[in-house]
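Below is one structure; the comments refer to it alone.
Residue numbers start at 1 and run along the sequence shown.
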Amino acid sequence: MSLVIALNRGRILAECLPLLAEAGIEPDEDVRSSRKLIFPTRRGGHKLVIMRGADVPTYVIHGTADIGVVGKDTLLEAPPTAGYYERLDLNIARCRIVTAFAEDAPPECLAYQPAHNGAFRVATKFVNVSRGFFAGKGRQVTIIPLAGAMEIAPTLNLADCIVDIVDTGNTLKANGLKEHETIAHISSRLIANRASMKTKFDEIEALLSQLRAAVERRGQADGGGV
Ligand code: PRP
């Protein structure tokens, strides 16, 4: 039986395609130069479907896609669900969710306390992750949801702190911010629909074992460091 595989477009897609190719799954044309969103593959009748990360769990939970590849940040932010199994850490698109401050932020700010009267303000697209993090520290904060460009929020005095993804740190630096605490280490995960794990068990397990071997080969090649 063939599989429908939902892939998070962007960096995750770029890093995931070579892994899939090692497992024998290659799209019938170059996904990066095409405007198409559904790609047949050259073997096995599997299909690749390209979408935004936040939509990958939705397609997998509903069983429209049998499996999906998505960042752990997306899974952490999504509401808890019993609709999929997280089956494999692909160890690609690695980054961190961090708190970050203006370079000249005062010490009370770094302790997540308001510098003036009023609430300590956190700008982020990771609303649920941030709520959990600050609740765990016993800090009352006001979350300011943003869709992107979090890095300008402290400079423009919209927020005291941001919670965002950091990879190289270049974006923070370019906007006069510094990383403070790591909330979570992130990498891409393979998730599988619960019903598909029963009805397409052999196909999914075969793919998982090929991908696991590809991930392990890479880990050995780069020394396996984190
Ligand atoms: C992420 C994140 C930062 C940037 C960090 O944005 O929101 O802006 O990457 O990377 P760096 O530490 O290597 O500079 P992304 O490009 O994924 O876009 P989006 O979050 O705005 O969708």
Report task. Start with the C-alpha gap between E179 and L172, add the side-chain angles, then the distance that decides, and say whether side chain to side chain contact (heavy atoms under 4.5 Å, CB included) holds. Result -> CA-CA 7 Å; E179 187 174 334; L172 289 182; 4.1 Å; yes
Report task. Show the numbers, then the answer: is there a side chain to side chain contact (heavy atoms under 4.5 Å, CB included) between I61 and R194? Result -> CA-CA 8 Å; I61 288 164; R194 290 170 71 98; over 6 Å; no
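Residue pairs meeting the side chain to side chain donor-acceptor pair (under 3.5 Å) criterion with at least one member in residues 126-135: none, sequence neighbours excluded. For residues 139-162, every residue pair satisfying the salt bridge (charged side-chain N to carboxylate O under 4.0 Å, His left out) rule, not counting sequence neighbours, is listed here: R121-D160. Applying the salt bridge (charged side-chain N to carboxylate O under 4.0 Å, His left out) test to residues at least two apart or on different chains, the pairs with a partner in residues 67-78 are K72-E86. The salt bridge (charged side-chain N to carboxylate O under 4.0 Å, His left out) analysis of residues 204-217, with sequence neighbours excluded, yields the pairs E22-R217, R87-E205.
Residue I152 shares its hydrophobic cluster (ILVMFWY side chains chained together at separations under 4.5 Å) with L156. Grouping Ile, Leu, Val, Met, Phe, Trp and Tyr residues whose side-chain heavy atoms lie under 4.5 Å apart, directly or via other members, places V122 in a hydrophobic cluster with L76, I97, F101, L110, Y112, F120, F126, V127, V129, F133, F134, V141, I143, V163, I165, I183, I186.
The CG atom of L211 sits 11.5 Å away from the CD1 atom of I204 when rounded to the nearest 0.5 Å. One finds the OG atom of S188 at 4.0 Å from the CD1 atom of I92 (value rounded to the nearest 0.5 Å). Separating the CD1 atom in I50 from the CG atom in L13 is a distance of 4.5 Å, to the nearest 0.5 Å. Rounding to the nearest 0.5 Å places OG1 of T171 at 10.0 Å from CG of L177. Expressed to the nearest 0.5 Å, how far NZ of K125 lies from CG of D164 amounts to 6.5 Å. Rounding to the nearest 0.5 angstrom, the gap separating the CD1 atom in I25 from the SG atom in C16 is 9.5 Å.
I191 is not connected to L7 by any chain of hydrophobic side-chain contacts under 4.5 Å among Ile, Leu, Val, Met, Phe, Trp and Tyr, and they are in different clusters. A single hydrophobic cluster is seen to contain both I162 and L158, as judged by linkage of ILVMFWY side chains at heavy-atom distances under 4.5 Å, directly or through other members. Note on L3: it clusters hydrophobically with L208, by side-chain heavy-atom contacts below 4.5 Å among ILVMFWY residues. Both L190 and L20 are part of a single hydrophobic cluster, where members link through side-chain heavy atoms under 4.5 Å apart.
The shortest distance between side-chain heavy atoms of L207 and I67 falls below 4.5 Å. In this structure the side chain of V49 reaches within 4.5 angstrom of the side chain of V4, judged on heavy atoms. Side-chain atoms of M51 and V56, non-hydrogen and from C-beta on, do get closer than 4.5 Å to each other. Two residues are said to be in side-chain contact when any heavy atoms from C-beta on lie closer than 4.5 Å; L146 and T124 fail this criterion. Residues F39 and K47 have side chains not in contact (no heavy-atom distance under 4.5 Å, counting atoms from C-beta outward). At a threshold of 4.5 Å between non-hydrogen side-chain atoms, the residues D66 and K200 count as touching. Using a 4.5 Å cut-off on side-chain heavy atoms (C-beta onward), Q140 and Q113 make no contact. V69 is listed as a side-chain neighbour of L90, based on a closest heavy-atom distance under 4.5 Å.
Between the side chain of T74 and the backbone N or O of V70 there is no donor-acceptor pair closer than 3.5 Å. For the pair T168 (side chain) and N170 (backbone), a donor-acceptor distance under 3.5 Å is present.
Across every non-hydrogen atom of R218 and P18, the tightest pair is NH2-CB, 3.6 Å. Here the shortest heavy-atom pairing between G68 and V60 reads N-CG2, 3.7 Å. The shortest heavy-atom contact between G45 and S2 is O-CB, 3.2 Å. Contact detail for N8 and G53: the closest heavy-atom pair is OD1-CA, 3.2 Å. Summarising the geometry of N193 relative to A65, their closest heavy-atom pair is CB-O, 3.9 Å, with the distance given to 0.1 Å. In this structure, H46 and M1 approach most closely via the heavy-atom pair CE1-O, 4.0 Å.
Checking S187 against N91 by side-chain atom types alone, no donor-acceptor pair falls below 3.5 Å.
Of the candidates K173, R94, R11, R11 is the only one forming a salt bridge (Lys or Arg N to Asp or Glu O under 4.0 Å) with D167.
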